[in-house]
Structures are given as structure tokens and as C-alpha cells.
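Report on one structure; see the data block that follows.
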Amino acid sequence: MLNPSARGSAAHAFAAYRERPELVSADAGPVTAGPRARRGRVILRAAVPAALIAAAFGLALPRVASYRAVWASIDTMTWPYALLVGTAAAASMVTYWITIRAVLPWIGLRQAAAVSLGSNAVASTLPAGGAVAVGVSWAMLSSWGLSTADYVLYALVTGIWNVFTLTGLPFLAILVMATASRPDATMITGAAAGLALLAAMVGGLGLLLHSEASALRAGRVLQYVLAVAARLTRRAPPASAAGSLSGFRDRAGALLAARGWRITAATVASHLMLWLVLLACLRAVSLSQAQLPWQTSLAAFAFIRLLTAMPITPGGLGITELGLIGVLVGGAGHKVGAQVTAAVLIYRAVTYLPSIPLGALACLTWRYAPALISTSPRGLPRTAPPSAPNGIAGTPAYGWRPSTARTSHWSTRSSTTSGTPGNPVGRPLS
């Protein structure tokens with residue numbers, strides 16, 4: 001029979017178990033290893049990518065070509081080719097800024113550069129840095145007046161369009177590659193799977209944007225999934241995911257109707273410009289069209305970009321290099337393994353490394369000298385002129401409303417006789 005103090009300890013342990021069972025051990029005593037377990041997971045998340053990167057550069061790459069032979073290939077690069085590679089890398093970086101402005105045209109190019117560089121620097125250096133990168137970009141954009149709802153719209157639209165490009169590019173690359181050589185069965189299967197996934201996603205997005213019934217069904221499914229996730233994580237489920245999805249549907253439809261083609265063109269251009277950097281690096285180490293056709297380099301780029309869409313290591317470091325070298329050497333032959341390895345390492349150096357110091361500089365500038373980045377008073381969206389773009393009286397003029405009240409930027413300033421100027425109707429500036 002338990003004494004009173006023992007009964008009190010047991011009751012306390014049982015109550016703790018009912019509330020937080022993961023913090024109570026089998027002998028009904030409190031577990032003090034919780035923080036240790038969390039620290040262990042953090043260490044593991046950092047150690048696994050580090051081990052993969054070390055294995056890639058220390059074990060796998062030397063099997064393709066020695067670093068001495070790689071350096072000899074790099075040393076043969078002439079200054080005109082070095083200038084070409086640097087120019088292509090800088091142009092590729094700028095295309096990402098243009099993509100941001102395609103979705104958020106009210107921000108300046110310097111602001112888009114700060115968002116892109118700052119978030120990329122975090123994603124390229126920290127394990128699971130993608131989540132922190134989202135926080136960095138949100139902090140910057142919100143400081144310039146972007147509301148939470150509009151940031152979610154921006155993040156989802158850019159993310160969805162990026163996935164569209166990643167899944168569609170392999171199919172295009174296979175068609176192009178067929179003009180130079182015969183694609184193998186693995187590439188054809190991967191391209192077909194990517195095309196099927198792209199068609200399914202485009203169809204689903206189309207139904208979500210144009211069918212109220214589909215939006216309601218998707219909202220119910222989302223609500224159920226979130227409720228299950230909330231139970232598993234012992235959190236309260238969101239009140240109405242369906243309502244949030246309906247609001248996203250209206251604002252996304254308005255944004256895409258006005259700027260969809262700009263967003264698509266900018267996203268595709270950013271990916272193709274990155275491939276042109278790879279092609280410039282291949283030519284810079286004296287790999288000719290006969291040795292390694294540009295069609296093969298496009299196919300390698302497209303498939304590796306798709307495979308590394310979910311980076312296991314920061315920025316896909318180690319995995320991207322191995323994938324590109326493997327596909328390119330397989331197409332060109334092992335005799336040019338050193339040249340291919342040199343080209344891939346140059347490509348990764350000029351596209352991966354510069355964003356780290358530039359991103360740190362962008363974050364410091366945004367934090368301590370914001371006037372150097374902001375291009376409009378207080379960073380607020382500019383207001384469109386009161387007349388309609390086509391100059392016809394009585395038609396609404398679409399512009400960006402200042403977000404001091406945290407309202408959506410995709411709204412309307414009406415110049416009609418309705419008597420309610422500035423009433424939002426969810427249509428963006430075209």
C-alpha cells in the first residue's frame with residue numbers, strides 16, 4: 001500500500017501522462033531527456049548533411065577524376081570564357097529578382113534583390129534552411145508593407161510555378177535531346193512521370209480557381225488533413241481552412257488573370273538562364289558541341305533540378321554536383337571526366353557561393369541601412385493614377401493600395417460613379 005507522499009507522486013505522474021505522455025517514462029517518473037533528445041535531433045540534422053557532403057567531395061568525386069586533373073582543366077580557361085561565365089551567372093541571379101517583381105511589381109529591383117539574396121544565403125548554409133529562408137523573406141517584405149495574406153499568396157504562387165517548371169522542363173529536354181542523341185529509358189520514364197504530374201497539378205489548380213464546388217471539396221479535404229495533423233501533434237485544429245482556401249482562390253485568380261503570363265515567363269527564364277550558366281562552363285573548359293551537345297546538358301540540368309527539388313543538404317551541395325557529373329559523363333564518356341567535373345564545379349561555384357556573402361550584406365543593409373534598399377516612401381505600394389489605363393471614362397483603374405491597414409494589395413481603385421472609391425474587388429494591376 002502506498003504512503004500519502006507516494007500516492008501524491010503517482011497522481012502527479014498520471015496527470016502529467018494524460019497531458020503530455022511523451023514527457024513521462026514507463027516508471028511514471030518525469031523524463032529529463034526531452035531537451036537532450038531535441039538537441040540530438042538538431043545535431044543529427046546537421047551531421048547527416050555534413051557527412052553526405054564530405055562523402056561526395058572526398059570519396060565519390062575523386063573516383064571520376066582527380067582534383068589535380070580537374071584543376072588542370074580549370075587552369076586552361078581563358079579570360080574571355082571566364083568573363084562569359086561571370087556575366088551569365090550575374091544575369092541568372094538577376095532573373096530571380098525579376099521573378100519576384102513579376103508577382104510583386106510594387107517593390108523595386110533593389111528590394112527584390114535583398115529578398116532573393118538574403119533568403120538564398122540562409123537556405124544555402126543552414127540545414128533545413130528553407131524554413132528559415134521563408135522567415136527572412138517574410139520579415140523583409142512585411143517591413144515594406146506586405147500583408148500576411150499577400151505574402152502567403154506570393155509564396156504559394158512562386159512555389160507552384162517553380163514546381164510547374166521543374167516537372168515540365170524534363171519533358172521539354174527529352175524532346176530537345178532527341179535531336180542530338182537517343183534518350184535512355186530512364187530519362188523517358190522520368191520525363192513521362194513529370195509530364196503526368198504537371199498535367200495533374202495544372203488540372204487541379206484550374207479546378208480550384210474556376211470551380212466553386214471543387215474549391216469547397218478541396219477545403220473540406222484540407223480541413224480533414226489539418227485536423228488529423230493537429231491531433232497527432234496535440235494542437236488545436238484551425239477554425240476554417242476552407243474559408244482560407246476560398247480567400248486564396250479569389251486573390252490567386254485575380255493575380256494570375258492580370259500577371260500570370262509575366263510570372264510564367266519570368267520563372268521559365270530564370271531556370272533556362274541557370275542552365276545557360278552550366279553550358280557556358282562546359283564550353284569554358286573546351287568541351288565542344290561534338291564532345292558534349294548542348295541538348296545533353298539541358299537534359300542533365302532538367303533532371304537533376306527535379307531530383308534535388310527537396311534538398312537533403314543545404315542548397316543540394318554535393319548531391320547536385322554528383323548528379324550532374326554522373327549524367328554528363330555518361331553522355332560524353334569517361335575520357336572527358338576531368339573536364340566535366342571542372343565545368344560542374346565552376347558552375348556550382350559561381351551560382352552557389354556568391355549568394356552567401358551577398359545575402360549577408362543584403363540582410364545587414366536591410367537591418368541597419370534600409371534607406372539604401374527602399375525605393376519608395378516607407379516602402380509602400382504606389383497608387384495608380386485615377387484614370388483608367390485605356391483612358392475611357394467610367395472604367396475602373398487598377399492599382400496598388402497602401403497596406404498600412406494590412407489589406408490586400410490586389411485591389412481596385414474605382415473611378416466610377418458608384419460613390420465608393422477605393423473599394424477592393426480583388427483585381428490586380430495589369
Tell me, do [X] and [Y] make a side-chain contact under 4.5 Å, heavy atoms counted?
| X | Y | value |
| --- | --- | --- |
| Trp275 | Leu169 | no |
| Ser147 | Asp150 | yes |
| Thr341 | Tyr67 | no |
| Gln295 | Leu298 | no |
| Pro314 | Leu126 | no |
| Thr320 | Ile304 | yes |
| Leu153 | Val103 | no |
| His271 | Leu166 | yes |

Rounded distance [0.5 Å steps], [atom1] in [X] versus [atom2] in [Y]:
| X | Y | atom1 | atom2 | value |
| --- | --- | --- | --- | --- |
| Thr296 | Gln291 | OG1 | CD | 12.5 Å |
| Leu279 | Ser297 | CG | OG | 4.5 Å |
| Leu353 | Ile356 | CG | CD1 | 5.5 Å |
| Tyr96 | Met273 | OH | CE | 11.0 Å |
| Phe303 | Ile174 | CZ | CD1 | 4.0 Å |
| Leu276 | Leu84 | CG | CG | 9.5 Å |

*Residue of the set Val115, Leu141, Thr158 for which side chain to side chain contact (heavy atoms under 4.5 Å, CB included) holds with Ile100*: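 Answer to the side chain to side chain contact (heavy atoms under 4.5 Å, CB included) test with Ile100 among Val115, Leu141, Thr158: Val115.
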Non-hydrogen atoms of [X] and [Y] that approach each other most closely:
| X | Y | value |
| --- | --- | --- |
| Ala300 | Val327 | CB-CG1, 3.4 Å |
| Phe164 | Thr167 | O-OG1, 3.1 Å |
| Leu117 | Met93 | CD2-SD, 3.7 Å |
| Ala60 | Leu322 | CB-CD2, 3.5 Å |
| Thr267 | Ile263 | OG1-O, 2.7 Å |
| Ala65 | Val70 | CB-CG2, 4.1 Å |

Sidechain-backbone polar pair: [X] side chain, [Y] backbone, donor-acceptor under 3.5 Å:
| X | Y | result |
| --- | --- | --- |
| Gln339 | Val336 | no |
| Thr165 | Trp161 | yes |
| Arg101 | Trp106 | no |
| Ser124 | Asn120 | yes |
| Thr264 | Trp261 | no |
| Thr99 | Ala266 | yes |
| Arg110 | Leu372 | yes |
| Ser116 | Ala113 | no |

*Apply side-chain contact (heavy atoms from CB on, under 4.5 Å) to the pair Met140 and Leu146, showing each step before the final yes or no.*
CA-CA 9 Å; Met140 289 185 175; Leu146 191 71; over 6 Å; no
*asked:* Arg305 vs Leu274, test: side-chain contact (heavy atoms from CB on, under 4.5 Å). Steps then yes/no.
replied: CA-CA 10 Å; Arg305 288 283 288 177; Leu274 192 60; 3.5 Å; yes
*Should we say atom OH of Tyr81 is surrounded by more than 12 heavy atoms from elsewhere, each under 6.0 Å from it?*
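No, not enclosed.
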*Any residue meeting salt bridge (charged side-chain N to carboxylate O under 4.0 Å, His left out) with Arg283, in chain and number order, not counting sequence neighbours*: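 Partners of Arg283 by the salt bridge (charged side-chain N to carboxylate O under 4.0 Å, His left out) criterion come out as none, since no residue qualifies.
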*Do Leu282 and Tyr347 pass the side-chain contact (heavy atoms from CB on, under 4.5 Å) test, and can you show the C-alpha distance, the side-chain angles, and the key distance before you say yes or no?*
CA-CA 9 Å; Leu282 292 169; Tyr347 160 73; over 6 Å; no
*Does the pair Tyr151 and Val134 meet the rule for a side-chain contact (heavy atoms from CB on, under 4.5 Å), with working shown?*
CA-CA 10 Å; Tyr151 178 78; Val134 170; 3.4 Å; yes
